[in-house]
Amino acid sequence: MKGAAVFPGSRRLGLAGNVPEPQMEGPQDVKLRMLQVGVCATDREIASFVFGTPPEGFDYLVLGHEGFAEVVETGPEVRDLKPGDLVVPTVRRPCADPACVACRHNRPDFCITGLYREHGIVSMHGFMTEFVTGDARYMRPVPPEVREVGVLVEPLTIAEKAFIQAERIQTRLPWGKAAARAVVAGAGPVGLLGAMSLRVRGYDVTVYSREPETDVRADIARAIGARYVSAQGNTPEQMAAGIGNIDLIYEATGSAHLAFGMLNVLGSNGLLILTGVPGAHGPESLDMGTLITKMTLKNQCLLATVNAGDDAFDQAIVHLTAFCKRWPDAVRSLITGRFTLEQFEMPIRNAAGIKNIIEMAS
Ligand code: BGC
């Protein structure tokens with residue numbers, strides 16, 4: 001089979017022509033034909049050799065963790081899936097340590113040892129290839145109504161996990177759920193999908209991002225009933241003026257500076273959610289005393305979150321279906337570039353657009 005691969009040893013990117021076709025190993029296994037695979041910043045980092053580990057015995061790693069596929073074969077003990085069904089495979093697989101309470105509870109997204117594996121990232125081939133096999137329990141079913149945009153499920157899971165956690169954290173407030181105001185920082189796919197999820201959850205949403213107010217991302221924000229404020233010419237304080245108490249900030253910019261800057265506009269009892277992986281950018285000066293004083297006096301919380309569990313995948317599928325009913329054009333316009341497998345290097349090398357995808361098959 002062909003696969004979009006990164007060869008870390010020789011620091012090379014290319015199409016591998018001889019990826020072994022995966023075999024059905026257990027009675028619970030299913031075989032998938034990949035339909036679409038999204039490209040994200042993580043893929044770009046792997047392709048620039050920042051991280052990414054090939055599976056044992058391989059000198060290359062097949063890329064891709066934002067998968068969407070059709071079931072083509074099921075093992076004899078698979079009950080809930082059949083050939084023709086659409087699925088999104090989850091990304092992370094548990095570590096083997098008996099003492100890892102998270103993995104033993106099937107929550108490798110909270111793995112304690114760090115020895116988890118991830119499709120297309122750590123020790124497992126990714127989805128930018130023709131066929132994939134795996135245990136049916138890792139394949140989340142997707143209804144046919146969202147076939148055109150099923151590839152958006154995985155990036156949406158980042159937001160869904162964050163908001164499932166956020167809602168649990170905010171039950172700390174004695175008055176329960178009140179009218180809530182949210183700011184989404186960053187209008188990339190994770191930000192805009194997060195904004196859609198917050199709208200469906202009833203939040204008043206402001207999207208704050210670097211693109212001008214004439215950009216398509218601003219149009220998408222407005223189409224879903226959110227306010228858009230450009231960071232070009234508006235400081236976070238100017239953006240926040242007039243919103244009222246900001247209860248939740250969902251940060252998806254990848255900029256460490258901006259992420260912490262958002263604390264200056266977070267309201268009383270508010271929660272700042274970090275989803276970026278900016279990496280080391282050298283020291284920056286920060287008045288930590290002021291920061292902690294403000295956070296304490298305002299009862300604020302900081303939540304950082306990565307990857308997602310089955311609950312977030314299933315919630316993402318329900319919400320994406322809802323988005324497609326409410327804002328079909330806005331959802332469709334998130335996918336700005338479609339490439340063949342042979343062209344996979346183009347969206348990896350050039351990050352233009354919102355979400356670029358590889359169309360594996362139709
Ligand atoms: C993926 C996560 C993954 C993380 C690892 C993200 O792009 O969406 O599933 O755990 O990268 O860095």
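Indexing begins at 1, ligand by ligand and atom by atom, following the structure's order.
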Please confirm whether Glu66 approaches ligand 1 to less than 4.0 Å, judged on its heavy atoms. no
Donor on one side chain, acceptor on other, Gln232 and Ser230, under 3.5 Å: no
Looking at ligand 1, would Val277 count as a contact under a 4.0 Å heavy-atom criterion? no
To which protein heavy atom is atom 3 (C) of ligand 1 closest, and what is the distance rounded to 0.1 Å? Glu118 OE2, 3.3 Å
Could you check Lys31 against Glu21 for salt bridge (Lys or Arg N to Asp or Glu O under 4.0 Å), going step by step and ending with a plain yes or no? CA-CA 10 Å; Lys31 184 169 183 179; Glu21 190 162 326; 2.6 Å; yes
For Arg107, is the CZ atom crowded, meaning more than 12 foreign heavy atoms sit under 6.0 Å from it? yes
Taking the ring of His105 and the ring of Phe110, is the distance between their centroids below 6.0 Å? no
For the pair Val265 and Glu237, evaluate side-chain contact (heavy atoms from CB on, under 4.5 Å) and give the outcome as yes or no after the intermediate values. CA-CA 6 Å; Val265 298; Glu237 288 73 14; 4.3 Å; yes
Tell me the protein heavy atom at minimum distance from atom 8 (O) of ligand 1, and give that distance in Å. Glu154 OE2, 2.9 Å
Nearest to atom 9 (O) of ligand 1, what protein heavy atom do you find, and at what distance? Asn307 ND2, 2.7 Å
Distance filter under 4.0 Å to Cys40 heavy atoms, resulting ligand 1 atoms: 7 (O)
If I take atom CE from residue Met239 and atom CZ from residue Arg227, how far apart are they, to the nearest 0.5 angstrom? 8.0 Å
Which residue and non-hydrogen atom of the protein lie closest to atom 7 (O) of ligand 1, and at what distance in Å? Thr42 OG1, 2.6 Å
Contact partition for Thr157 relative to ligand 1, non-hydrogen atoms under 4.0 Å: neither
Residue Ile158 vicinity, atoms of ligand 1 by number, heavy atom under 4.0 Å: 8 (O)
Please identify which of these residues, Lys355, Gln36, His119, meets the side-chain hydrogen bond (donor to acceptor under 3.5 Å, both in side chains) condition with Glu66. Lys355
Quick one: which ligand 1 atoms are inside 4.0 Å of a heavy atom on Arg92? 10 (O)
Residues Arg140, Glu154; criterion salt bridge (Lys or Arg N to Asp or Glu O under 4.0 Å); working and verdict: CA-CA 11 Å; Arg140 312 313 296 177; Glu154 200 281 340; over 6 Å; no
Atoms of ligand 1 under 4.0 Å from any heavy atom of His65, numbered from 1 in the order shown, are 1 (C), 6 (C), 7 (O), 8 (O)
Can you sort out which atoms of ligand 1 are near Val306, meaning under 4.0 Å from one of its heavy atoms? 10 (O)
